[in-house]
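Labels below follow one simple rule: chain letters A, B, ... track the order of the sequence lines, proteins then strands, and each chain is numbered from 1.
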2 protein chains.
Amino acid sequence: MKRRKSGKVAVGAKVGPRKPADSPGLGHLHQHLGYFLRRLQIWVFQDFLEALAPMKVRTAQYSVLLVIEANPGRSQAAIGQTLNIERARLARLLHGLGRRNWIVRRASGRDARSHSLYLTPKGEKALIKIKTLAEKHEARLARHVGPARRKQLIDLLRDFG
Amino acid sequence: MKRRKSGKVAVGAKVGPRKPADSPGLGHLHQHLGYFLRRLQIWVFQDFLEALAPMKVRTAQYSVLLVIEANPGRSQAAIGQTLNIERARLARLLHGLGRRNWIVRRASGRDARSHSLYLTPKGEKALIKIKTLAEKHEARLARHVGPARRKQLIDLLRDFG
DNA sequence: TATTGTTATACTCTATAACTATA
DNA sequence: TATAGTTATAGAGTATAACAATA
C-alpha cells in the first residue's frame, strides 16, 4: 500500500522521442464483449451512413426496404416484428418512404385494418442504386476488419436471434 | 420469368399442423455484418441495463467509471478521447456521477483549465457492487451466445480500433 | 376484447454551436 | 489562436400511452 510511493523512478522524466502522454487504458472494460461489439457497430453505422448519403438512406430505412423486397404484400406488423421496430416508429418511417414514392400501402383483402406493403417501380429502381452503395460499404467494412475476420464474425453472429 | 406462375402447387393449402404464417425473411440483409452486429449489441445493452438496474448505472456511466478507475487523475478530454464520448456529453455525465459523490474533479496543477478525475471512496465502494452486477450480465451473455462463441467474438473484436 | 395503424409525448444518445477561462 | 470545460439546442432512436377502425 505504501511501498509504491517510495520509488523515485524518473517520474515524468522520460528520455527519448517526446511522446504525447499515454492515452488512458480501458481497464476492466477489456473483459466486456459488449464494449467491443458497440465500438465496431458504431463504425459500421457511420460508414454505412456516409456510403448511402447520395441516396439519403438510413440503416432502418434500408432494412425495411430489403424486407419488403423479400416479402412483398406483408403487413406493417409483420415487417416490424421481423426487424424489431416498434409499430409507431415503423409508421413514421413508412410515411417517409411513401412520400418518396418508394413504397405503397394497399388495403389488404383479408383484413381491412392492415396494409399490404410493396415496393413501387420507382422504389425498385432506387433500391438498385442503394444496394450498389451498400455493397461499397460492405467492401470497406471488409477492408477495415479484414475479409477473413468479417467472414468469421458474420458466421458467428448469424446463428441466433 | 413467366414459368414460375404456371405451377399450381397447392398454394396456400398447406397440410399438417397449422402454423402461423411464415414470418418475413431478412432478404439481402443476411449479407450484412452490421445487421447482426447491431442485433446482438442491442441484446447486450438491454441485458446490461437490466442487470445494473439495482445501481441505476448505464453503459456510458459504467465505461467512464472503469476508465477513471484505471487512470486516476486524468482530464475529461483524455477520458473522452479514449471512450469516444463528446466532451459536452461527458461533462453532463460526470456532473451526474459527481452528484452521486462517486467521482471528484480536482483542479489540475499543470493546467488551470482542466480537471483531474478521481473516484471517491464512496465511488470505489459503489464500483465493487457495480462490477459484481456487470459480471452477472457477462455470464448471461455467455449463456446467450455460448461461452465458446463469446470468447471467439471478443478475440476477433479486440484487435483493432 | 384484441389487433392494426396513427399520433403524441418523453427520454436517451449524438452532434453542434456558442460561451468562459485559461493557455 | 487554440484548448478545456460548460451550457443550450436539435435530430434520431426508443418506449409509452391514447385513439380510431376493425376483428
Side-chain angles (χ1 to χ4, degrees), chain A residues 20-21 24 34-35 38-39 41-50 52-53 56-64 73-99 103-117, chain B residues 20-21 24 34-35 38-39 41-50 52-53 56-64 73-99 103-117:
Chain A
Y35 173 70
R38 172 91 171 129
R39 248 178 33 171
Q41 188 257 304
I42 288 172
W43 188 96
V44 170
F45 269 40
Q46 280 180 349
D47 188 81
F48 184 92
L49 200 65
E50 288 168 26
L52 275 288
K56 292 192 183 162
V57 169
R58 303 176 160 283
T59 53
Q61 295 173 317
Y62 178 68
S63 66
V64 167
R74 304 302 290 262
S75 69
Q76 293 183 199
I79 305 291
Q81 276 166 25
T82 293
L83 290 171
N84 270 302
I85 299 178
E86 279 291 319
R87 61 195 178 152
R89 198 186 150 217
L90 185 58
R92 277 171 306 177
L93 193 159
L94 290 170
H95 200 78
L97 296 178
R99 260 189 264 112
I103 62 150
V104 284
R105 306 182 235 198
R106 297 201 205 119
S108 163
R110 299 182 167 196
D111 188 332
R113 291 173 301 182
S114 73
H115 303 166
S116 297
L117 301 171
Chain B
Y35 173 71
R38 172 91 172 130
R39 247 174 38 167
Q41 186 258 305
I42 288 173
W43 188 96
V44 170
F45 270 38
Q46 279 179 349
D47 188 81
F48 184 93
L49 199 66
E50 288 167 27
L52 276 286
K56 291 190 183 163
V57 169
R58 303 176 159 284
T59 53
Q61 295 172 317
Y62 178 68
S63 66
V64 167
R74 305 301 292 262
S75 69
Q76 296 185 196
I79 304 291
Q81 275 166 25
T82 292
L83 289 171
N84 269 301
I85 299 178
E86 279 289 320
R87 60 193 182 157
R89 199 186 149 217
L90 186 58
R92 276 171 307 175
L93 193 158
L94 290 171
H95 200 78
L97 296 179
R99 262 189 262 113
I103 63 150
V104 284
R105 307 183 235 197
R106 297 201 205 119
S108 164
R110 300 181 165 194
D111 188 330
R113 290 172 301 181
S114 74
H115 302 166
S116 297
L117 300 171

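Protein chain B touches strand DNA chain D; the 5'-most and 3'-most nucleotides with an atom under 4.0 angstrom of its non-hydrogen atoms are D:dA2 to D:dA15.
In this structure, NE2 of A:His95 is placed 13 Å from C1' of C:dG5, rounded to the nearest angstrom. One atom, CG of A:Leu94, and another, C1' of C:dG5, lie 10 Å apart when rounded to the nearest Å. Atoms CG (A:Leu97) and C1' (C:dT6) sit 16 Å apart, rounded to a whole Å. For A:Arg106 and C:dT4, the CZ to C1' distance is 19 Å, given to the nearest whole Å. For the pair A:Leu90 CG and C:dT4 C1', the computed distance is 12 Å after rounding to whole Å. As rounded to whole Å, 12 Å separates atom P of C:dC13 from atom CD1 of A:Ile42.
Here the closest non-hydrogen pair linking B:Ser114 and B:Ser75 is CB-CB, 4.2 Å. In terms of heavy-atom proximity, B:Phe45 sits nearest to B:Thr59 at CE2-OG1, 3.4 Å. Heavy-atom minimum distance, A:Ala91 versus A:Gln76: CA-NE2, 4.2 Å. Considering every non-hydrogen atom in both B:Val64 and B:Ile85, the closest pair reads CG2-CD1, 3.8 Å. Of all heavy-atom pairs spanning A:Ala60 and A:Arg89, the tightest one is CB-NH2, 3.2 Å.
The nearest heavy atom of DNA chain C to A:Ala77 and to B:Ala112 marks one nucleotide each, and the one closer to the 5' end goes with A:Ala77. Each of A:Arg58 and A:Arg110 was matched to the nucleotide of DNA chain D holding its nearest heavy atom; the match closer to the 5' end belongs to A:Arg58.
Backbone-only contact: A:His115 has heavy atoms under 4.0 Å from sugar-phosphate atoms and none from a base.
We find the CZ-CG distance between A:Arg58 and A:Leu49 to be 5.0 Å, quoted to the nearest 0.5 Å. Between atom CG of residue B:Leu90 and atom CG of residue B:Leu83 there is a gap of 8.0 Å, rounded to the nearest 0.5 Å. Annotation: the span from B:Arg99 atom CZ to B:His95 atom NE2 amounts to 5.0 Å, rounded to 0.5 Å.
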What protein N or O atoms touch nucleotides 15-21 of chain C N or O atoms at under 3.5 angstrom, if any, and at what distances?
unit_1: C:dA15; atom_1: OP1; unit_2: A:Gln46; atom_2: NE2; d: 3.3

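Contacts of B:Gln61 classified as side chain to side chain donor-acceptor pair (under 3.5 Å), with partners at least two apart in sequence or in another chain: none.
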